[in-house]
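No hydrogens, no waters, no symmetry mates; every other heavy atom, side chains included, goes into these values. Atoms within a ligand are numbered from 1 in the order they appear, just like the ligands themselves. Just so you know, these numbers come straight off a predicted model, no measurement behind them.
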Amino acid sequence: MDVFEAVQKRKSQRSYTSKPVPRATLEKLLEAARLSPSAKNIQPWHFVVVTDPEKRKALSKGLYAKFLKDVPAVIVLCGDEPASPEWYVVDAALAGENMVMAATAEGLGTCWVGSFDENNVKWLLGIPERMRVVALLAVGYAKEKVSITTRVIQFLRRRKALDEISSWEVYGNQGSL
Ligand SMILES: Cc1cc2nc3c(=O)[nH]c(=O)nc-3n(C[C@H](O)[C@H](O)[C@H](O)COP(=O)(O)O)c2cc1C
């Protein structure tokens, strides 16, 4: 699968089979994160892979995170704020997107989750004070048959038109080069 195919194929999956993700595959995702760009190459990140059912249940307390209790793996993206105060969020997010793309190419589904209580997540996983929780990333094999709610959500994932979100040479100019 080439990168553009993966970009087209990816969608937020909220319904997963119980099939575990092999450790080697999870390590491949971590490797994709490790190779990501970062401001001044500081690499202000750390990734906690959570597969333990009790911990996943605790991570699923957020309003829009209920499905995490049924996801085989959740990767918690942490950013080192003191190491790179201006860029840790961008850097961790880029690493996260690299993992999303690698996961898609591996036939896995993912969902980026921002619905969490940071202090609870830090306490649960023993994340040091200086680290910030940037996102939770659900990773697993997507269920083929999805609920009506999921189908509606997926239908609603329409995108703005290209001319609404891009310009040529100056902001707002839709003319060609
Ligand atoms: C920063 C961020 C936070 C998000 N938080 C959640 C979340 O808490 N729960 C959830 O189910 N989806 C979450 N999403 C997924 C978005 O809802 C999803 O990307 C969007 O609806 C577009 O759908 P698609 O990813 O299938 O293209 C989040 C996405 C981003 C980028």
To the nearest 0.1 Å, how far is [atom] from its closest protein heavy atom, and which atom is that?
atom                    : value
atom 23 (O) of ligand 1 : Arg157 CB, 3.8 Å
atom 18 (C) of ligand 1 : Ser12 OG, 3.5 Å
atom 13 (C) of ligand 1 : Trp112 O, 2.9 Å
atom 5 (N) of ligand 1  : Gly114 N, 3.0 Å

#### Entry: Residue pair Asn120 / Glu118, side-chain donor-acceptor N/O under 3.5 Å
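No, because no side-chain N or O of Asn120 sits under 3.5 Å from a partner of the opposite role on Glu118.
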For [X] and [Y], indicate whether the former's side chain and the latter's backbone hold a donor-acceptor pair under 3.5 Å.
X     : Y      : value
Glu5  : Asp2   : yes
Lys9  : Gly107 : no
Asp91 : Ala39  : yes

Which atoms of ligand 1 sit under 4.0 Å from any heavy atom of [X]?
X      : answer
Val113 : 5 (N), 6 (C), 7 (C), 8 (O)
Phe67  : 11 (O)
Ser115 : 8 (O)
Arg14  : 10 (C), 11 (O), 12 (N), 15 (C), 16 (C), 17 (O)
Tyr64  : 7 (C), 8 (O), 9 (N), 10 (C), 11 (O)
Lys11  : 26 (O)

### Query
If you count the non-hydrogen atoms of other residues, nucleotides and ligands that lie under 6.0 Å from NZ in Lys66, is the total more than 12?
yes
### Query
Do other residues, nucleotides or ligands put more than 12 heavy atoms under 6.0 Å from the NZ atom of Lys122?
yes
### Summary
For Val134 and Ala92, the nearest pair of non-hydrogen atoms, with its separation, is CG2-CB, 3.9 Å
### Query
Is there a protein heavy atom at a distance of less than 4.0 Å from atom 20 (C) of ligand 1?
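So atom 20 (C) of ligand 1 lacks protein heavy-atom neighbours under 4.0 Å.
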### Message
Just to be sure I read this right, does ligand 1 sit under 4.0 Å from the backbone of Cys111, its side chain, both, or neither, counting only heavy atoms?
### Response
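Just the side chain.
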### Message
Using a 4.0 Å heavy-atom cut-off, which part of Arg159 comes near ligand 1: side chain, backbone, both, or neither?
### Response
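Side chain only.
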### Query
When Val74 is tested against each of Leu59, Val121, Val48 for side-chain contact (heavy atoms from CB on, under 4.5 Å), which residue passes?
Leu59
### Query
Would you call Glu31 and Arg34 a salt bridge, taking side-chain N to carboxylate O under 4.0 Å as the test?
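Salt bridge: yes.
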